[in-house]
Student: 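The structure under discussion is supplied below as structure tokens; questions concerning it will follow.
All chains are named by letter (A, B, ...) in the order of the sequence lines, taking the proteins before the strands, and each is independently numbered beginning at 1. This one's a predicted model, so the numbers in the text were calculated from it and none came from an experiment.
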Amino acid sequence: MIRLEPRNEVSKALLYVTPVIAIGVTILAGVVMFAILGKDPVRAISLIFLEPLTDSFALSEMIVKATPLILIAIGLSFGFRAGVWNIGAEGQFTVGALAGGAVALALYEVEGFWVLPLMCLAGVLGGMAWAAIPAFLRTRFNANEILVSLMLTYVAVLLLSVLVYGPLKDPDGMNFPESRMFHPAATVPILIEETRAHIGFLVALAAAAVAWVVLGRHVFGYQVKVMGQSPRAAGFGGFVENRVVWMCLMISGGLAGLAGLFEAAGPVGQLVPALPVGYGFTAIIVTFLGRLNPIGIVLAGFVMALTYIGGETAQIEMNLPSAVTGVFQGMFLFSLLGIDVLTRYRIRMFRSPRPGRTAPLAARTVPVAARTGGE
Amino acid sequence: MELFFLILQAIIIAPIPLIFVAIGELVVERSGVLNLGLEGMMILGAIAGFSVTLDSGSFVVGIAAAALAGALAAGIFGVLTQVLMSNQVATGLALTIFGLGLSALWGQGYSGESTAPLAKIHIFLLSDIPIVGPLLFVHDPLVYLAFALVAGVAWFLTRTRAGLILRAVGENHDAAHAIGYNVVAVRMAALVFGGACAGIGGAYLSTVQTPFWVENMTAGRGWIALAIVVFASWRPGRLLVGAYLFGGVTVAQLHVQGFGIDIDAQYLSMLPYLVTILVLVLISHNKARSHLNAPACLGKPFFASA
């Protein structure tokens, strides 16, 4: 019989190995899934996981997708450490794009180096404002931030839609529900020539570096960790829980808003109703896959970006539905969470029933050899 | 008058999916488990119910398939959280992401198709009462099932031995374990029941309420059901009140424009979500009371050390 035994300490080595095992398990599950769908599993897997790595344009597209994922996930990692569950990053992403985009449209055809920084500021503030609602309602009224932030995501998407159909609609756009294309001064500079990879990626890396320092060296990082591991101890330590909740939601909201602005002013170049494509939700997986660790999150961001690009390749080459990406991402998180048990528990195998629980009292005095022989 | 009657009838039907999903989650949460994957189980039920009803031609088989799909999804959640001790919040989110993805994959060939409307049952004599009769006693069988389920759960939780054990596990799993109850088995059973209910709720949406398949058609209803359970302070009777509040808002939202009020449709579509937030605030602001109502072990991991 198999039994779990808690470890005294989380296994550091396994902490780094398990995400790799999870990727392996997901690929195996993917093979089964493609076989069921009647597609060639080997070809599909290699298209999704290997092909993009050999193509330079696909690599640059990975940077495009990884940028918002990393930015949002870095923000979420603070809250997830502290037990503040901001599930509405998608909404904060949307409002950030909306606020920054509104600035770009208001300053249409205005030249000036300050236009883009102003848009970034508006994006961050927009995301923060949207995240302030669950922060306020949790700290003041004890309302569950998971539900509030998630409900606000639906509201944000509707808000984007109503504004793009109305006041922000392109005046020369034949009544299409989309804004003008942003003016060149209001678009994010490209990082690599002839690709869509933009300098937002450098900002994401910088955010990861800052997060790494804050978590390791700053008192706020310490407070976040204590609150996550023992809220009671945090109380005794004199930390103000409400302050940590506010900080976590402001950081994640601000970074999600910035990610939204980069998306609107970068690869998309305008405001459209279909701007939010689920980065806010995928970033949750990135956060866990990266072990809430900034460096891990950067790597995990690329792995998740790979599933997007690979999914698109497989869609074109093998006529697979785009939903395959979502299924892969769900399976990823499942296998990671399942395999995680190894980091906190040891697996022990027993030949015979354990004494004292299933065996009657008298059996315990019988010598081991006689007991196993009797079965 | 005719319009008013139709609106009332719509209000009675509107919250049925929510009732199914929420009553299942209520049982799950009373056993001490927080399954945030309702949206995922619901959408899987929606596509399972829709595709199987269409392919088999039998509504009963379709609903059974939906219940099975929901239960299987809940089983994955159960194995991960109860056996492999994973975090319940994270696993519930994974279930939602997985369910939305898998349903979209499954539903590829089914967009544009439509199921036949479900025959309504006229309850003998009662349906002949003027106005009230057609309003309350002429519905499809699942409407009656939803109400029967709420009554059944209320009876189960308060009047049966098994219900008492389930509540004991939810209030104090260590004590329940010490007495000799199998905490994991009880919770798994509750989860499977909750999953089946969520599946049926999703199928009601996709086969009866809007008889066609659209990706992401649950549009947050699973999360709203979660809020309804909090609203109900984990009691079946109040759950109906909560569900009808949301159902009423949803229907009213659809008819406001019909009354000639000029407002963008998107603002009206925000209403159910905003009302959910408002209700959550009203319910939770008294910290002591909301703490008192919630099952004491809700969301806490259980590990049998001996």
Student: What part of L80(B) gets closer than 4.5 Å to chain A, counting heavy atoms only: side chain, backbone, both or neither?
Tutor: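 Just the side chain, heavy atoms under 4.5 Å.
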Student: Less than 4.5 Å to any heavy atom of chain B: does that hold for the side chain of L342(A), its backbone, both, or neither?
Tutor: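 Neither part.
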Student: Where on L271(B) is there a heavy atom nearer than 4.5 Å to chain A: the side chain, the backbone, both, or neither?
Tutor: neither
Student: Report yes if some heavy atom in the side chain of D340(A) is under 4.5 Å from a heavy atom in the side chain of M85(B); otherwise report no.
Tutor: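 When only atoms from C-beta onward are counted, M85(B) and D340(A) do not touch, as no gap falls below 4.5 Å.
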Student: With a 4.5 angstrom heavy-atom cut-off, which part of L282(B) approaches chain A: side chain, backbone, both or neither?
Tutor: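 Neither part, no heavy atoms under 4.5 Å.
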Student: Check the pair N144(A) / V230(B) against side chain to side chain contact (heavy atoms under 4.5 Å, CB included), numbers first and verdict last.
Tutor: CA-CA 10 Å; N144(A) 182 310; V230(B) 179; over 6 Å; no
Student: Side-chain contact test, heavy atoms from C-beta onward, threshold under 4.5 Å: evaluate it for L274(B) versus V155(A) and give yes or no.
Tutor: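 Yes, close enough: below the 4.5 Å cut-off.
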Student: Below 4.5 Å from any heavy atom of chain B, which atoms of F332(A) appear? Answer side chain, backbone, both or neither.
Tutor: neither
Student: Heavy-atom distances under 4.5 Å only: say whether Y165(A) touches chain B with side chain, backbone, both or neither.
Tutor: side chain
Student: What part of F334(A) gets within 4.5 angstrom of chain B, counting heavy atoms only: side chain, backbone, both, or neither?
Tutor: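 Backbone plus side chain of F334(A), per the 4.5 Å heavy-atom cut-off to chain B.
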Student: Counting only non-hydrogen atoms closer than 4.5 Å, does V79(B) touch chain A with its backbone (N, CA, C, O), its side chain (CB onward), both, or neither?
Tutor: neither
Student: Can you say whether L150(A) sits under 4.5 Å from chain B via the side chain, the backbone, both, or neither, judging by heavy atoms?
Tutor: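 Contact with chain B is through the side chain of L150(A) alone.
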Student: Measure the shortest side-chain to side-chain distance between Y273(B) and L158(A) over non-hydrogen atoms and say whether it is less than 4.5 angstrom.
Tutor: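 The answer is yes; the side chains approach within 4.5 Å.
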Student: If we only count heavy atoms from C-beta on, is the M270(B) to L159(A) side-chain gap below 4.5 Å?
Tutor: yes
Student: Looking at G220(B), is its backbone amide N or carbonyl O close enough to the side chain of Y154(A) to form a donor-acceptor pair, meaning the two atoms are under 3.5 Å apart?
Tutor: yes
Student: Is chain A contacted by the side chain of T91(B), its backbone, both, or neither, given a heavy-atom distance below 4.5 Å?
Tutor: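 Both the backbone and the side chain of T91(B) come within 4.5 Å of chain A.
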Student: For residues I146(A) and W223(B), determine if any side-chain heavy atom of one lies less than 4.5 Å from a side-chain heavy atom of the other.
Tutor: yes
Student: Please state whether the side chain, the backbone, both or neither of I87(A) comes within less than 4.5 Å of a heavy atom of chain B.
Tutor: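 Just the side chain, heavy atoms under 4.5 Å.
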Student: Mind checking whether M151(A) and I224(B) have side chains closer than 4.5 Å, heavy atoms only?
Tutor: yes
